[in-house]
Structures are given as C-alpha cells and as structure tokens.
Amino acid sequence: MIFLRQSLTIAVKDLRAELRSKEAINASLSFAIVILLLFSFAFDPSSEQTREISGGLLWLVFAFAGALVLNRSFARELTNDCLEALIASPVSGAALFLGKALSNFLVLIAIELLSLPVFGIFYNVRWTGQFWTLMMILLLATWGLTVIGTVFSALTVNLRLRELMLPTLVYPILIPALLPAIQLTSAVIAGQPLTADLYAGLRLLIAFNIIFTALALGLVETILVG
Amino acid sequence: MIGLCVIAAALLARNLNVILLHLPDEASQGAIYRIFYFHLPAAMTAGACAFVALAASILYLATKNFRYDSIAVSVTEVGLAFGAMVLATGMIWARIIWGIWWTWDARLTSMLIVWLMYAGYLMLRRAIDEPTARARNAAVLSIFIAPGVYITWKSIEWWRTQHPGPVLSIRGGGGMAPGMESAAYWNLLALGLIAVVLVMVRMQQETYQRRLDALRREAHVL
C-alpha cells in the first residue's frame, strides 16, 4: 500500500511540474504535428492507402514524440541534484520508477488523444469506428512504450549524448510492441474485425508489457543506486 | 590458448575438406546448401554468446566482480561478429534460393533487431567513462536484450516464416540425411572453438585495460 502511495506521490509531483511548465507536452505535441505534416508529403494523403498505413504512421509519430517526453523524465531531475535527493529519500527505486512511468504514461496518452483528431482531419480518415478497441490498443502499447522509455531514461540519464542514446536503444527493444500495435491500429481504423493473427499480436503486446514491466521494476534500483 | 587455436584451425580445415569435397550436392538446392554448414553453427555460436552474456551480466550485478563484466563485453563482441556472419551467409543463400537478399519475415527481422541491440550495448559502453557505472548499466541493458534473443530463437516455431523451420533432429526437425547432419555438428565444434579463442583474447585485453587504468589512477594520485 505504502509502495503505491509513494508512486502516486511521485506521479503527482511529476504531473504538477509538467502542467506548470508544459515544456515536454508543448514540445512533443508540436513535434507530433510536424511529423504528421511531413508524412503527408511522403505519399498522397487523400488516397485509400492512408487507411492501410495509418497504424504505422500513427505509431511512428507517437514513438518519436514520446521519446521527447521520456528523455526529460529523469533528465529534468538533474538540475539542483534533485535526482540524488530522490534516490536518498525513503522512496524505493521501484516506486520512483512506477511514479515516473505513470506520469509519463498520462502525458503520452494526452498527446496521443490530441494527435488523433489532427490525424483524422488532415488525412481525412474516420478513426472513431471502433473507438474503444482503439483505446485499448492505445493504452496497452503506450504502457509498453512508457515502461521501456522510462527505464532507459534512468539508464542513460548521466550519459554524454543522452538525447542520441535513448532512441537508439529504445526503438529496437520496442519493436515487439510496436509491430502488433501498428497492425492492430491499422486494422481497427480500417474497420476490420480482429482475426486470429491480430489476436496473436495482442497476446504478444500483453506479454511484452508484463515481461518488461517486471524486468524494469526489478532492475531500476540497480540502475539508480548500484 | 595457442593450442586451442591450432586445434580449431585443424578442425576447420578438416570440415572444409568434408563439406566442399566429400559431401554430395543437396537434391533440391544444389551446391549453395553448403553455406548452411556455416550459417547454422554460426547462429548457434552467436546464440550461445548471447546466453553467456546474459549469465555474466546477472553474475556481475550479483557479485560486482569485474571479471564477469569483461566476460560479458567479450562474448557480446564475439557474438556480434558471429551474428554478422549469420546475417551475411543467410543473405547469400536467400539471393540464390529465394531470388532476394532480404525479406521482412519474423526470423530475419528479429535477428537483425537483436544484432542492432547488441551494437547499441557496445555504444552504451563507449558513452560511459566511469567503470562501475559502465559495467552496471551495460549489464542491465544486456538483461533487457535477452527476451529479444529468446524471441529470435523461437520465431521459426511461433510464426509461419519464409525462413526454413528447424532442421536438426535434436529440435524435432529431422530433415537432413545422417551424414549431412553430422558435418554441421563438426563445424559447430570448430566455430565454437574459434569463438572461445576470440573471447579469451578479448578478455585478456580487458584485463590489461583494467590494469592500465589502475596504474593511471595511481599515477594521478601521486
């Protein structure tokens, strides 16, 4: 119980800091829209193709924009040695990680929910057909993105070239989660029913989340404290 | 170490003789199938390297003994070389049999991803100067890569891939003539020995490096 309360305190702290400064949200939301704009030049956005590749397009945007948020997650604690203070506090590494992951998760979901209508308008795609299935996929895949991103944010926080190392390490590891997310999102936006292949993808996504959440919770103390 | 090196070289010469001069062409693929004798043993060696890297990383985190860190970095580098060999031989085979260099099926893709992740492991090591932090973060990253290795290994059973399914009888394949299968094991032994020698050389370099660093710190204190 105390573990969850500590995590919640950290999450609320991070969210409050984010809502007051809005630096990560503003940067990554405008970045997401810029990428959406750029993609429209890569192919003819009004064609039927858009619907088929919508999953890939959306998740690339989310992954790129997400890296901006996740990069800041631990790096913002570097000023005034806040990270040292957090590590020295009675909060365990796992609780600290879970709190930061929760706050990142909520920020990422907010960015995704704001990007979706923009995507729908610019690309002339009706994405609300299977709204709740889409939300479920969004929540699951975003959790995977958040867990990996947050734990690697802790891993790379003291590095030179931090902004470069995080995406290089995170994207390959994310592929087992991004791949089913892309396929499922494309199918759902195109209005197709979930086939056996897609259910296998959903299982892979859930397994990915469970395995890496467990690994992250178990190892984050080692990363932060040693 | 030199003895092992000689044995590995002799074994490789013997295997090349068997593979190139004594074994007949495969019924449907012709001569190109011989690349399999390097593709599969190299893949198994790379897989073994990944397993040892995981074990050494866990042991480092448990004991904080730098010896395990040097084992982890050595086998990762050697495994990366053997992984490159797997990808290269596979691509040559695919060009002849499939008519294309590359296809995005589960086996090929997961292998490439894992290879890139281990390359990222080496990049991460380069980006950290402090030895303890470097060893710790690298060990954690290695553990995070391990599920990907398992996915790569199992991918030919989990998905319908363009990559052939299991062929060795120990994995329920049984698609090879007995004389042809034993040659694969002989070459596994040869490549495995080469990998062991390379890891030993690399570990010695790590030991010297640590000694040098210690001397440098000592000189710095004086």
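Counting only distance, with no hydrogens or angles, the side chain of A:Tyr123 and the backbone of A:Ser40 share a donor-acceptor pair below 3.5 Å. At least one donor-acceptor pair under 3.5 Å links the side chain of B:Glu130 to the backbone N or O of B:Ala133. A:Ser153 places a side-chain N or O within 3.5 Å of a backbone atom of A:Leu70 that can act as its donor or acceptor partner. The backbone N or O of B:Ile19 lies less than 3.5 Å from a partner atom in the side chain of B:Arg34, making a donor-acceptor pair. Although no hydrogens or angles enter the test, the distance criterion places no donor-acceptor pair under 3.5 Å between the side chain of B:Glu206 and the main chain of B:Ile71. At least one donor-acceptor pair closer than 3.5 Å links the side chain of B:Arg107 to the backbone N or O of B:Thr152.
Using a 3.5 Å distance cut-off with no hydrogens or angles, the side chains of A:Thr150 and A:Asn104 do pair a donor with an acceptor.
Both the backbone and the side chain of B:Leu124 come within less than 4.5 Å of a heavy atom in chain A. Contact annotation for B:Arg134: neither backbone nor side-chain heavy atoms come within less than 4.5 Å of a heavy atom of chain A. Neither the backbone nor the side chain of B:Leu112 comes within contact range of chain A; no heavy atoms are under 4.5 Å apart. Residue contact with chain A, scored on non-hydrogen atoms closer than 4.5 Å, involves the backbone and the side chain of B:Ile128 alike. Proximity to chain B involves both the backbone and the side chain of A:Ala216, based on heavy atoms less than 4.5 angstrom apart.
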Run the salt bridge (Lys or Arg N to Asp or Glu O under 4.0 Å) test on B:Asp69 and B:Lys64 for me, step by step, so that the C-alpha distance in whole Å, both residues' side-chain angles and the decisive distance to 0.1 Å come before the verdict. CA-CA 8 Å; B:Asp69 180 53; B:Lys64 307 284 176 202; over 6 Å; no
Steps toward salt bridge (Lys or Arg N to Asp or Glu O under 4.0 Å) verdict (B:Asp213, B:Arg210): CA-CA 5 Å; B:Asp213 285 346; B:Arg210 265 207 313 281; over 6 Å; no
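Residue B:Phe66 places its CZ atom among more than 12 non-hydrogen atoms of other residues, nucleotides or ligands, all under 6.0 Å distant. Counted within 6.0 Å of OH on A:Tyr199, heavy atoms from surrounding residues, nucleotides or ligands total 12 or fewer; the atom is thus considered open.
Near-neighbour residues of residues 161-194 of chain A relative to chain B, defined by a heavy atom under 4.5 Å from a heavy atom of that chain, comprise A:Met165, A:Thr168, A:Leu169, A:Pro172, A:Ile173, A:Ile175, A:Pro176. When the heavy atoms of residues 201-214 of chain A are compared with those of chain B, the residues falling under 4.5 Å are A:Leu204, A:Ile211, A:Phe212, listed by number. Residue-level contacts of residues 74-96 of chain A with chain B do not occur; threshold 4.5 Å between heavy atoms.
Just one residue in the list A:Leu116, A:Val69, A:Leu106, A:Thr142 forms a side-chain contact (heavy atoms from CB on, under 4.5 Å) with A:Ile111, and that residue is A:Val69. Among B:Asn187, B:Leu189, B:Leu193, the single residue meeting the side-chain contact (heavy atoms from CB on, under 4.5 Å) criterion with B:Leu12 is B:Asn187.
Taking the six-membered ring for Trp, B:Phe144 and A:Phe152 have ring centres closer than 6.0 Å. Aromatic ring centroids of A:Phe119 and A:Trp127 lie 6.0 Å or more apart.
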Do any side-chain atoms of residues 84-93 of chain B form donor-acceptor pairs under 3.5 angstrom with protein atoms, and if so which ones, sequence neighbours left out?
| from | atom 1 | to | atom 2 | distance (Å) |
| --- | --- | --- | --- | --- |
| B:Thr89 | OG1 | B:His39 | ND1 | 3.0 |
| B:Thr89 | OG1 | B:Met85 | O | 2.8 |
| B:Thr89 | OG1 | B:Val86 | O | 3.1 |
| B:Trp93 | NE1 | B:Gln29 | OE1 | 3.2 |

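The choice from B:Ile151, B:Ile145, B:Thr109, B:Leu141 that makes the most heavy-atom pairs within less than 4.5 Å of chain A is B:Leu141. When each of A:Ile148, A:Leu155, A:Thr156 is checked for heavy-atom pairs under 4.5 Å with chain B, A:Leu155 comes out on top.
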